[in-house]
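None of the values given here were measured: they were computed from a predicted structure.
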Amino acid sequence: LGVDENGRITALDVRALFNGGAYGGFKPVTTVHLGGVAEAGSPYRIPAVRVHSEIAYTNTVPRGHVRSPGSPQMHFAVESMIDMAARALQMDPLAFRELNMLRDGDASPMGEHYLEVRSEPVVAAAKKLLVETPLPPLPAEGDWVRGVGYSFYQRPTHGGVTEVGVEPTADGRLILHVPFPDQGAGQQTLGRNILSRLFGVPHEWIEVRQAEPEVFKMDSGCGGSRVTVTASEAIHQAGRRLLTELRSKFGLPEQAEAEQVRAAWAAFARTRRGEWVKAENDATHIDHVTSYSVTIARVRVDRETGQVVVEDLLGVYDVANIINPTSHWVQLEGGAVFGFGQAVLEDLGIEEGQVTRANLGDYKLPAVTDVPPLHFMLVPGGRGIGAENVKAVGELSNVSVMAAVANAVADAVGVRLCELPVTAERVFRALHPEKEV
């Protein structure tokens, strides 16, 4: 990382080597290289960047996709370097990041130009949230000290292709046919919310069904945080087409009551005998939209034992229109917990090619009792995609947690861990290299 005498980043040089495990099937080559590795330094203005990445075959467990492939690893390394540079210059790590952060109108390190970069209101909100969120006193027992760690991140919204159909029924319901499953993120509720608002009817009158594969021409699938981006526009357009048809041919007034809509649906169904109104959305080439975010971790560390307690996680996220508020919050909270697990718990433990933690008793995932308090703030009003004005959120909150936690530990006790997870043993060894664990 190159920095000038004024604290401005001048260059970033990255060489990344990923352990790809055995075999080639489903190896996340494209997403790791063009997604995760290409995000190196993405939240900042960096005029000169060189990135070289490779994936090696090894005689170990085959690797595959997981939330934002390659991004957490790359972000952990780069944000740790950002923190180290700030401390080497004796600058406040937050002030150093704010000085160098990508702003509206700037090109990203990879030359991307976004519709807007909302870093300034996001950072302002993060400062406010930090001041307004107190912590309890430190425990009386133990040699506890506190630290605060920061991590900036921006993630572009990507799209895909999808097609949907709406089918009015003779009993006055509307069936939304979709090609994708609801894998838990609320895709079915997404469709209900859009159509319920569009037609002005209760959710209960709308049913969502997953169609057979041959019904639609193409769907890009549930990966890549793309479903809301691609499906919301297709659902909106299908609903608008049906609404236009009902007004022009079935006498539905412009300002219709819910029962009038229901009667028009039934009339359509009786006349058209099960006909669908379809709409396709090709969002493979969309406006360059990105979401800026700030993650702050506050930890306490016992200098005697190396124990690390993440006291809370603070997150501020740039968002556009939210179609399903419940699942939106669940995505953000779930992502933060996901990142928390990677930061302090999860370790596959491969020794000489053998997995040493092959069950969930040894491979620790966060339980509800492990998760620290989460304090989030949304910065609404951003420019999104399509008629519903949406941005992707599924891989926004997990990526930066690991770096924030490691930076907080460094702030507390001056120890820089370059390996994850952050455990008491590793912190103790770094604090007391003369002692054996």
Side-chain angles (χ1 to χ4, degrees), residues 14-40 42 51-80 153 155-156 158 160-161 179-185 187 213 218-227 331 334-367 370 392 394-403 405-406 417-423 426:
V14 174
R15 181 178 177 88
L17 177 61
F18 284 86
N19 182 350
Y23 314 118
F26 210 58
K27 193 181 297 296
V29 175
T30 303
T31 49
V32 165
H33 290 321
L34 301 182
V37 178
E39 289 184 352
S42 65
V51 176
H52 179 93
S53 65
E54 297 175 277
I55 295 181
Y57 285 98
T58 61
N59 293 319
T60 57
V61 176
R63 293 342 191 243
H65 294 76
V66 74
R67 202 168 196 162
S68 53
S71 299
Q73 296 91 332
M74 178 55 61
H75 199 71
F76 168 64
V78 173
E79 277 294 304
S80 296
Y153 182 54
R155 187 174 185 87
H158 303 286
V161 179
F180 47 81
D182 190 328
Q183 101 295 18
Q187 285 88 345
M218 173 64 182
D219 183 73
S220 299
C222 280
S225 301
R226 68 167 65 90
V227 174
Q331 287 275 33
V337 173
F338 193 105
F340 168 78
Q342 291 179 309
V344 300
L345 293 174
E346 299 181 40
D347 188 0
L348 200 59
I350 297 178
E351 298 179 8
E352 297 183 356
Q354 299 294 314
V355 173
T356 62
R357 298 174 180 90
N359 60 70
L360 294 179
D362 296 325
Y363 185 89
K364 301 295 186 181
L365 292 170
D370 300 315
E395 297 164 291
L396 183 60
S397 60
N398 63 298
V399 172
S400 54
V401 175
M402 294 180 290
V405 170
L417 295 185
C418 297
E419 187 178 358
L420 294 171
V422 175
T423 62
R426 285 174 174 156

Any idea which heavy atoms bring [X] and [Y] closest together, and the distance?
X	Y	value
Ala22	Pro62	O-CB, 3.5 Å
Val51	Ala40	CG2-CB, 4.3 Å
Asp370	Phe340	O-CZ, 3.4 Å
Ala406	Phe76	CB-CE1, 3.7 Å
Val401	Ala336	CG2-O, 3.9 Å
Val344	Thr423	O-CG2, 4.4 Å

*asked:* With a 4.0 Å cut-off on N to O distance, would you call Glu346 and Arg357 a salt bridge?
replied: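 Answer for the salt bridge query: no.
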*Which of these passes side chain to side chain contact (heavy atoms under 4.5 Å, CB included) with Asn19: Ile55, Val61, Thr58?*
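Exactly one pass, corresponding to Thr58.
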Measuring from [X]:[atom1] to [Y]:[atom2], what's the distance to the nearest 0.5 Å?
X	Y	atom1	atom2	result
Ser42	Met74	OG	CE	10.5 Å
Met402	Leu417	CE	CG	13.5 Å
Arg426	Leu420	CZ	CG	7.5 Å
Phe18	Arg63	CZ	CZ	11.5 Å
Gln331	Ser397	CD	OG	8.0 Å

Would a 4.5 Å heavy-atom cut-off, applied to side chains only, mark [X] and [Y] as touching?
X	Y	value
Pro179	Met218	no
Cys222	Pro181	yes
Leu345	Pro366	yes

*Using atom types as modelled and distance alone, determine if a side-chain donor or acceptor of Asn398 lies under 3.5 Å from a backbone N or O of Gly339.*
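No: the side chain of Asn398 does not pair with the backbone of Gly339.
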*Cut-off 3.5 Å, side chains only: do Glu79 and Tyr153 have a donor facing an acceptor?*
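Result is no, nothing qualifies.
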*Considering residues, nucleotides and ligands other than Asn59, do more than 12 of their heavy atoms fall under 6.0 Å from its CG?*
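Result for CG/Asn59: open.
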*Looking at residues at least two apart in the chain, or sitting in another chain, which of them share a salt bridge (charged side-chain N to carboxylate O under 4.0 Å, His left out) with Glu395?*
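So Glu395 forms a salt bridge (charged side-chain N to carboxylate O under 4.0 Å, His left out) with Arg155.
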Report all side-chain donor-acceptor pairs from residues 347-356 shorter than 3.5 Å, counting only partners two or more places apart or in another chain.
residue, atom, partner, partner atom, Å
Asp347, OD1, Gly349, N, 3.2
Thr356, OG1, Gly349, O, 2.5

